[in-house]
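These values consider heavy atoms only, across backbone and side chains, with no hydrogens, waters or symmetry-generated copies.
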Amino acid sequence: MIDVSQWRASIGLWNYCQAAPSRPANGHHSHSFKSAVDSKSGSTTSGEKTSKLPEALSLIVALLLSLLRYMKLNFIPPTGIISVTAMICLQSLVLFIATIGRDVELNPGPMIDDQPTCLVFARCLKPLVDWKPFALCLPGITQSDVKIIDKTKRNAYLKKMALHKKWLQVNPTASWRDVINALKQCKENELARTIGNKVTDPTAGISTHDGVDNPGPITGTGLSVNVSDLMQIPGAATNNLMLVFQRWFDADKDVNWDALIKLCDDFPDQLGKAKSNILVYLGQPIPDNVSSHTVLPSPVDDISNTPVTNITGQSDVAKPISSIPDDVQGYADNMRQLYKHQPIVATDWPPRIGKDFFGRLALVEKHNSSTQAESAWHMLRGQVDKTVKLTENKEISVEDVLQPTDSSLSLRVVIDGPPGIGKTTLCRKLLNMWSNETLVHQQYDLVLYCPLRNSKIATATTLADLFVRQRYEVPIVAEWFEKRNGEGLLIIFEGWDELSEQFRQSSLAASIICKDELDQCSVIVTSRSYASSSLLKMDTLSRHVQVIGFSKEEISTVIIQTLQKDTKLAQELIDKKREDDKNTKPFTTAQGNKDSQLAVKLINDLKVRNDVQSLCYVPLVCSMVILVYCKEGGHLPTTLTQLYKNFILQSIRRHVRRHDINPHTLCSLSSLPSQLAKPLQEMCQLSYTNLANTRMTFSSHQLQSLSEAVKEDYLGLMTTFTEYDEEKYQFLHLSIQEFLAAWWIAKHERKTEEVFKDHFDDDHFRMCLRFVAGLTHLEHESYEQYFDKQQLDLQCKRKPLFRFETCHLSYFYQNPDEIRLIALTSSNNNHISRSDGFDNVPILLLQLLYESQNTTLCQVLAQSINNHSLCLDRVSLSLFDWLCLSYCINNSSTVWNHLHLGHLSNQSLSVFTAGLTNNSLQTQCKRLEVGLREHTDELIHKLLQSSLLYNIQECYCELGYGQYVPCLVLLQFLNLSQLKILHLMMYYPTIPTVDNTYYTGKCTELEKCIEMNLTLQEMKIEYHGQNEISNTIISVIRGVSRNKTITSLTMCAYYAPPPLPDGVIEQLLKDNNTLQALSLDIHDDLLPSSLNIVEVNTPLTALEIGRWKSSKLMTLSLLPHIKGLHCLILHDPYPAHLLFLSHPSLHTLTLPLDTAESAIELFTILQTNATLKALSVEIKEERVYTNSMGTSLQGMLTQNQTLKYLEINNDILIPSSFLSFLTTGLRRNTSLHQLSVSIPLNEEIRTFINVISQKNNITELKVNFKLDQLYSNCSREEKEQIMTPFFYEQVLPAVTIMLQSHTTIRLLRIEYKYHSINKESSPLNWIELVQHLYETIFIHPSLEYIEIKGDPTPPLLVETLKDQKKALIDRHRKEQPHKPLPIVIFY
């Protein structure tokens, strides 16, 4: 059902706006819709009820028709039958008539106590010149509100719309009564009366009759509906009419326009006017014998402009009833004919591809421009499909580009996309739709096409200057639209990127786009993506549409349909491609047809050559690629430059067929005969000169300097088109102009290197410079400057380890940082995001290297990378980027200390390893970190067999969800002859079925391989999965048992039955005499029923038992037999006195506490212990927190002066009293360097932080703020109300004060439960408190790193830092130029 208040408002707007042509000079109405009806119908005395019948019914029918328009429905099928949707709409209107009042014609507009809608509010107040006094009379609006609106909005119309929005925010009960009262208060009495005539006051009384004699019976009789039971009494008219239409719909007999017309014919005296309304609506002529009373006007809203399907099923756009001057109509008709006959796509070379390729172009409406950079990046990298999937994007149709928004009919639509993607084609399509009257959502009286590359358009100062097609009517037409502020006019500005910066800032086009002029017209602006950012910041922007061309799936479809002419075979291939994609299988075909095989090969080749595929979403380039591929016998050239050289040559060969030159004698562009070489040179010079001036289209006089040989057909490389009777020229595609410009730079410029340097940072020249690299191979020594980046820092940026982590991890691992490589989710990743994103990794340089095929420059770039360390974690690379990277590394002749490849897909790994062909062993990698997804044994083999890893010493690898046999993978890694450290994590693999004998043999081989290995020192094997790998685990443990070099073993196995056999663990501890660190995280379910440990010869100094799962059996069986440990990590409780009895020299201890007694025992022992340096306890039960426990903790902190690192962790509610004990103990402690503690949020917070402020010995602090136990029974809302102000007003200021006082702290981590903090609250004083915190952080003398964990962090903290960051960094660099910036991390 349509919203009643909206319909009232629309009718009121209709009346207000339609009265405009007859408005007197003072700008006010001379009559209302009500008076217009009254003047036709006479007075409303009871004796004139009969005369009122046709008028009322006429009004009802007109309103019915208008509602159909308003609902934007296109529902009358070719049969002429009114659809169910139409029935619902008609029912809705009749119900509406019954709802708004008993006198239909006396109440066409909104009610006086209705809330004004934004559009109606602004338009009704259009005559109001000085709006500020009026605004201040509106309830709730302040002087401050008026100042802000006046400052931020450009024109009066937008200011009134902003005023409406603000008013409704501060006064939800706003009504038309308030508007009228405000106008009266500021002495705008005439406008108050005008608006008052448009709204109805229900308290003013209504007539006691319907105004008609029950039209229901007469209508029902004419429509063959039973009306005998209808009440013939005053007040029942609208109900009767509702019942009549309902019964007509339910009967579903002859429900069509013809039936209504026949009804009018049956009662000509009463319904003649109704018939004329119907005929006008259907676009049919009105016969002379039909009453031609003034037809009710149509709304100026898009209500009247929605196409409806007439009785013959043809589309017919509803025309505005208000008359258009003949000169305006004549000019519009002339433009319709021009647009109708110009081609939408004007090219025949390269050959057109596929079928209806325009229909395959994808458009997305972007609802959030904040990710424009991300979207543009996807486009640049060829990741076209990701653009559609971005959350703020919505794929739309061409018809929806001009769909009105909720707030305005006057649209400002920005359409952007890469060059040649189809922006011009889209504009021509819209022009064609307008000329054929098939625009769906609204029709325009005139559409102007204004290419901004035309200097007359760019420098226009009046609307008349934008009329490129000059006719005598232009001044009249322009003046008519100017008087209407552009209403009914659509202007398409094409090529915003081709405007100079001056004209983007100040020109008629810019003024119209920003609604400073002609604010009622609609505007479409097209632009290349790189230049559209200024448009997207406009507050007048209605819609942002991006043309993204062919999706990957459509590229494949186009290739198949182009190469395979047999429709049936082509469709089979298309279906097979979709099936293979769905099953993530390589695309193959069983078809023996060579065309099918060629299509499959090209599609697969393009997966690797993503630089070429990334251009194929442009239709013309896709055609070019297919052409060259076929000419080359099914091969893609190595570089893009070679591809374009081939295509240009093919085009010239096609050109010379018309002359006396044999095309087969043309072997290359460099050896063309003089009659072709000179024209090519001229074309190249033209390309470069105009590219430098960002000119992409040319008029005839701009080409006059070219020789006649060139002008004949421009070597087949240019296309001509007519633009408003003027012949214009442009290259087939911008990339062709860029290639020819590069040819000029490389072959004919005397100072090629200087030109390259001048344009290196110019985005316009990025593709051109790639071609220059391909043509020159960058051989000149001056090119080294771009690749010799001194100390290019591309190393991994990791979150720093706190001392306790370093302390215990260093017992187990030579490189504690590296063991944190693996992170199944980004939230667990230990890498710090680069603030400058992809720019840190020189992708452009890698592409230039590949294009140039210059191996010397690969070495130059590699040598400039700091520490020969490259980290690609969380850097998104296309397949082509991986090809470029592989080429660079392969030819770098460098020993890479560290390569972190991030997480690789199968295809990325395949492309990367395929490029590692150098077997000279000059390029090596010492340390590799990599995560592989859904890989196979074969791909792992290719990676490990590459010469790059021949001498690898450290390997940290995660294998996720692939198809492989763990035993075989382990063997491949252990066959690396120089390997010293292996960390291998395997997550939920699909283990293929293998022969049992073969598998048993491989397990035996694995055991022997580990036993005989003489280089391996550290091994960590972690397995998560349901599949049985017990034999692999057994082989690893048995192999380590007899190995003579491994000093550290970490073995983690989860969910992998059956259990290990008896004796495996016992044998390891008995036979091995080299292991110094052992970590066993093997669930009890995987252990034998008992462990019979008798003899331990392993010289362990560090032991960890359990981690993710309980391992009580291992703990109880193993610990009594181990002596003299320095580091012990337990995840199950164990008596403290037994630990210190067996390990008196213990330095590092991790121990869970499940009772108050166990905590008291531990803290009491530590009061006198002088050897323990690092302690981490996890409190698992609330019962641990007793006063006695607190007293013992306080005593330990007071008396122990050797403990340096203390962690107290828990996931439970904490009593208030705990904080007091902790604070008192810390006040007297002088030894702690690191403190990590969970504390309750209560009033003791300030005291705690004040104590910390005075402890300069504490340099690392982690505080996890927990909910106080007092609030455990509160609801979530109550917790938010209590904790949110407490956090901002108590905790953050206390932390700020602590940082101001504490001058030695290095690392700080603040954690809290997010659901206790309201994310929406952000009062001004809280913002100031957060700003003060950040100011303190960035000028702190020692702080290196601060981490705020809120799961996630409230927006107030994130946004405030984002707003302040530049100023904070500038201040830091000014005041502390030699200190690195502090790192601030949220997660």
Side-chain angles (χ1 to χ4, degrees), residues 339 342-347 358 361-366 369 372 375-376 379 387 393 396-403 411-434 439 444 447-458 460 466 468 489-501 503-504 507-515 521-538 540-549 617-620 694-697 721 723-724 728 730-731 733-734 763-764:
Y339 297 149
Q342 73 178 11
I344 295 176
V345 182
T347 180
F358 177 80
L361 286 177
L363 309 176
V364 293
E365 180 178 358
K366 300 178 71 62
S369 297
Q372 172 74 352
S375 180
M379 297 291 286
T387 304
N393 288 352
I396 64 170
S397 65
V398 179
E399 291 78 8
D400 290 334
V401 170
L402 287 168
Q403 183 176 9
L411 302 176
R412 294 298 184 268
V413 180
V414 172
I415 299 176
D416 65 6
I421 193 65
K423 299 184 296 293
T424 301
T425 302
L426 175 58
C427 291
R428 288 182 173 228
K429 177 71 173 177
L430 290 169
L431 292 173
N432 183 272
M433 293 172 69
W434 175 74
L439 285 178
Y444 298 94
V447 179
L448 292 180
Y449 176 66
C450 302
L452 294 171
R453 69 181 73 93
N454 186 322
S455 60
K456 294 179 182 178
I457 300 295
L466 298 181
V468 180
L489 176 65
L490 170 64
I491 304 176
I492 300 177
F493 289 117
E494 189 198 359
W496 177 259
D497 52 284
E498 298 178 56
L499 270 186
S500 67
E501 188 61 33
F503 286 130
R504 290 186 201 175
S507 63
L508 177 63
S511 296
I512 294 174
I513 292 168
C514 294
K515 286 194 174 182
C521 75
S522 289
V523 175
I524 291 175
V525 196
T526 72
S527 174
R528 291 188 182 184
S529 301
Y530 69 80
S532 63
S533 58
S534 59
L535 294 170
L536 303 180
K537 296 175 183 176
M538 300 186 306
T540 57
L541 180 66
S542 309
R543 181 170 291 114
H544 175 201
V545 176
Q546 195 170 34
V547 188
I548 62 171
Y617 64 87
V618 180
L620 291 179
T694 64
R695 187 183 300 125
M696 288 77 187
T697 64
F721 61 95
E723 189 171 85
Y724 305 112
K728 292 290 186 72
Q730 66 184 14
F731 287 94
H733 186 255
L734 175 61
D763 284 341
H764 286 287

- Query: Side-chain contact, heavy-atom cut-off 4.5 Å: Leu411 with Gln403?
  - Reply: no
- Pairing residues for Thr526 by the side chain to side chain donor-acceptor pair (under 3.5 Å) criterion, not counting sequence neighbours: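 In terms of side chain to side chain donor-acceptor pair (under 3.5 Å), with neighbours along the sequence ignored, Thr526 is linked to no residue.
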- Item | Contacts of type side chain to side chain donor-acceptor pair (under 3.5 Å), residue Thr424, not counting sequence neighbours | Glu494
- Task: For the pair Arg412 (side chain) and Leu535 (backbone), establish whether a donor and an acceptor sit closer than 3.5 Å, ignoring hydrogens and angles.
- Result: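 Answer holds: no.
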- Task: Taking Arg453 for its side chain and Arg695 for its backbone only, find out whether a donor-acceptor pair lies under 3.5 Å.
- Result: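 No, because the side chain of Arg453 does not come within donor-acceptor range (under 3.5 Å) of the backbone of Arg695.
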- Message: List the residues meeting ring-ring contact (aromatic ring centres under 6.0 Å, His included) with Trp434, not counting sequence neighbours, and say none if there are none.
- Response: Tyr339
- Query: Looking at residues at least two apart in the chain, or sitting in another chain, which of them share a side-chain contact (heavy atoms from CB on, under 4.5 Å) with Ser534?
  - Reply: Trp496
Measure across [X] and [Y] and return the closest heavy-atom pair with its distance rounded to 0.1 Å.
X      : Y      : answer
Thr540 : Cys514 : CG2-O, 3.5 Å
Leu541 : Arg543 : CD1-O, 3.4 Å
Ala458 : Ser507 : O-CB, 4.0 Å

- Evaluate the criterion side chain to side chain contact (heavy atoms under 4.5 Å, CB included) for residue pair Met538 and Lys515; output intermediate values, then yes/no. CA-CA 10 Å; Met538 300 186 306; Lys515 286 194 174 182; over 6 Å; no
Distance from [X] atom [atom1] to [Y] atom [atom2], nearest 0.5 Å?
X      : Y      : atom1 : atom2 : answer
Cys450 : Leu508 : SG    : CG    : 9.0 Å
Ile491 : Leu466 : CD1   : CG    : 5.5 Å
Phe493 : Ser527 : CZ    : OG    : 13.5 Å
Leu402 : Leu430 : CG    : CG    : 6.0 Å
Gln546 : Lys423 : CD    : NZ    : 10.0 Å

- Message: So, applying side-chain contact (heavy atoms from CB on, under 4.5 Å) with Leu431, which one of Ile492, Leu448, Leu490, Leu426 is it?
- Response: Ile492
